[in-house]
Amino acid sequence: MVESDPSIFTLIIQGNIPCHKVYEDEHVFAFLDINPCSIGHTLVVPKEQSATLDGLSEEASAAVGRVLPRISRAVLAASGATDFNVLQNNGEAAFQSVFHVHFHIIPKHDDGSGLTWPFATTQLDPGEGAILAERIRSHLK
Ligand code: AMP
């Protein structure tokens, strides 16, 4: 899936589509999700338009990382939650629907609203783990 250019989030950042903005700086824009999983569900978006996280520049990702804790604190204070998830989907199979990198801040409320944890886990085989970790390290060199 290829995002239209400009993406819907770029159109929001440019003010061409309305949103409930909560934060903006030189590199980052944040606003309420239009279909919230829970009260306070907020999207934090780099202004740089990259479809997925692995294509984002270090400058843009650093800018997002810098403000995520601060925006999370504000979302929690405003929504009354103490627990929350930060979710970031990449690719259609991984539930991404807007192909412009974004981080979901999703408060977990006492009524159960928020994110559920649907993933079945497996046990990591020590031998396979050693091989896989080495393979990943080799790609980081
Ligand atoms: P994802 O599935 O991770 O790509 O999430 C995309 C999110 O963008 C969804 O939670 C949508 O509800 C949200 N979204 C899509 N269009 C808008 C919009 N115009 N304003 C606010 N949120 C939006």
Side-chain angles (χ1 to χ4, degrees), residues 1-126 128-141:
M1 168 76 75
V2 177
E3 182 68 30
S4 57
D5 194 12
S7 75
I8 187 169
F9 288 171
T10 294
L11 292 172
I12 287 174
I13 290 164
Q14 291 171 341
N16 295 319
I17 292 178
C19 74
H20 295 286
K21 178 168 103 173
V22 300
Y23 178 83
E24 180 172 14
D25 66 28
E26 189 186 345
H27 299 289
V28 182
F29 196 93
F31 51 98
L32 297 182
D33 195 294
I34 203 168
N35 295 126
C37 293
S38 66
I39 292 171
H41 184 169
T42 298
L43 301 176
V44 181
V45 183
K47 290 184 175 177
E48 178 180 300
Q49 188 179 314
S50 168
T52 53
L53 185 64
D54 48 299
L56 195 63
S57 72
E58 292 201 358
E59 186 185 30
S61 34
V64 171
R66 230 180 345 258
V67 293
L68 264 178
R70 189 168 146 219
I71 299 173
S72 297
R73 285 193 293 275
V75 168
L76 293 178
S79 66
T82 53
D83 296 351
F84 68 108
N85 295 92
V86 174
L87 176 71
Q88 206 278 312
N89 298 327
N90 297 279
E92 227 164 354
F95 313 116
Q96 185 177 13
S97 60
V98 175
F99 289 80
H100 179 149
V101 170
H102 52 283
F103 291 75
H104 299 253
I105 298 173
I106 306 174
K108 187 72 182 172
H109 292 288
D110 290 342
D111 64 2
S113 63
L115 201 69
T116 54
W117 189 249
F119 315 118
T121 60
T122 59
Q123 187 76 35
L124 180 65
D125 175 83
E128 287 175 12
I131 293 167
L132 183 57
E134 173 50 33
R135 209 184 306 152
I136 294 170
R137 284 195 296 271
S138 75
H139 285 283
L140 285 167
K141 281 175 190 157

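Remember, it's 1-based here, ligands and their atoms both numbered in the order they're listed. This structure is a prediction, so every number in the text was calculated from the model and none was measured.
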Participant: With heavy atoms under 4.0 Å as the rule, classify the contact between Phe9 and ligand 1 as side chain, backbone, both or neither.
Facilitator: side chain
Participant: What protein heavy atom sits nearest atom 4 (O) of ligand 1, and how far off is it?
Facilitator: Ser97 N, 2.6 Å
Participant: May I ask you to list the atoms of ligand 1 that are less than 4.0 angstrom from any heavy atom of Leu32?
Facilitator: 21 (C)
Participant: Would you check whether Phe95 has a nitrogen or oxygen atom less than 3.5 angstrom from a nitrogen or oxygen atom of ligand 1?
Facilitator: yes
Participant: Quick check on Glu59: does its CD atom have over 12 non-hydrogen neighbours (other residues, nucleotides or ligands) under 6.0 Å away?
Facilitator: no
Participant: Got the closest protein heavy atom to atom 13 (C) of ligand 1, with its distance?
Facilitator: Asp33 OD2, 3.4 Å
Participant: Report, in ascending order of atom number, the atoms of ligand 1 lying under 4.0 Å from any heavy atom of Ile12.
Facilitator: 18 (C), 19 (N), 20 (N)
Participant: Under a heavy-atom criterion of less than 4.0 Å, does Gln88 contact ligand 1?
Facilitator: no
Participant: Do the ring planes of Phe9 and His100 sit parallel (below 30°), tilted (30 to 60°) or perpendicular (above 60°)?
Facilitator: tilted
Participant: Quick one: do Leu87 and Leu115 satisfy side chain to side chain contact (heavy atoms under 4.5 Å, CB included)? Show the steps, please.
Facilitator: CA-CA 9 Å; Leu87 176 71; Leu115 201 69; 4.1 Å; yes
Participant: Quick one: which ligand 1 atoms are inside 4.0 Å of a heavy atom on His104?
Facilitator: 1 (P), 3 (O), 5 (O), 7 (C), 10 (O)
Participant: Answer yes if the side chains of Thr52 and Gln96 hold a donor-acceptor pair under 3.5 Å, and no otherwise.
Facilitator: no
Participant: Would you say that Val44 contacts Val64 through its side chain, given a criterion of any heavy-atom pair below 4.5 Å between the two side chains?
Facilitator: yes
Participant: So, Phe31 versus Tyr23, ring centres under 6.0 angstrom or not?
Facilitator: no
Participant: Can you tell me the protein heavy atom closest to atom 15 (C) of ligand 1 and the distance?
Facilitator: Val98 CG2, 4.0 Å
Participant: Any N or O of His41 that comes nearer than 3.5 Å to an N or O of ligand 1?
Facilitator: no
Participant: Quick check: do Phe103 and Leu43 have side-chain heavy atoms less than 4.5 Å from each other?
Facilitator: no
Participant: Taking the side chain as everything from C-beta on, heavy atoms only, tell me whether Val22 gets closer than 4.5 Å to His20.
Facilitator: no
Participant: So is Leu87 close enough to ligand 1, meaning a heavy atom under 4.0 angstrom away?
Facilitator: no
Participant: I want to check something: taking the side chain as every heavy atom from C-beta on, are Leu132 and Arg135 in contact at a cut-off of under 4.5 Å?
Facilitator: yes
Participant: Does any N/O atom on Asn89 come nearer than 3.5 Å to any N/O atom on ligand 1?
Facilitator: yes
Participant: List ligand 1 atoms under 4.0 Å from Leu43, heavy atoms only on the residue side.
Facilitator: 8 (O), 13 (C), 22 (N)
Participant: Which option out of Ile34, Ile8, Ile17 puts a heavy atom nearest to atom 21 (C) of ligand 1?
Facilitator: Ile34
Participant: Could you verify whether a donor N or O on one side chain and an acceptor N or O on the other, from Asn90 and Gln88, lie under 3.5 Å apart?
Facilitator: yes
Participant: Report yes or no: does a heavy atom of Phe31 sit under 4.0 Å from some atom of ligand 1?
Facilitator: yes
Participant: Give the residue and atom name of whichever protein heavy atom lies nearest to atom 5 (O) of ligand 1, and the separation in Å to one decimal.
Facilitator: His102 NE2, 3.1 Å
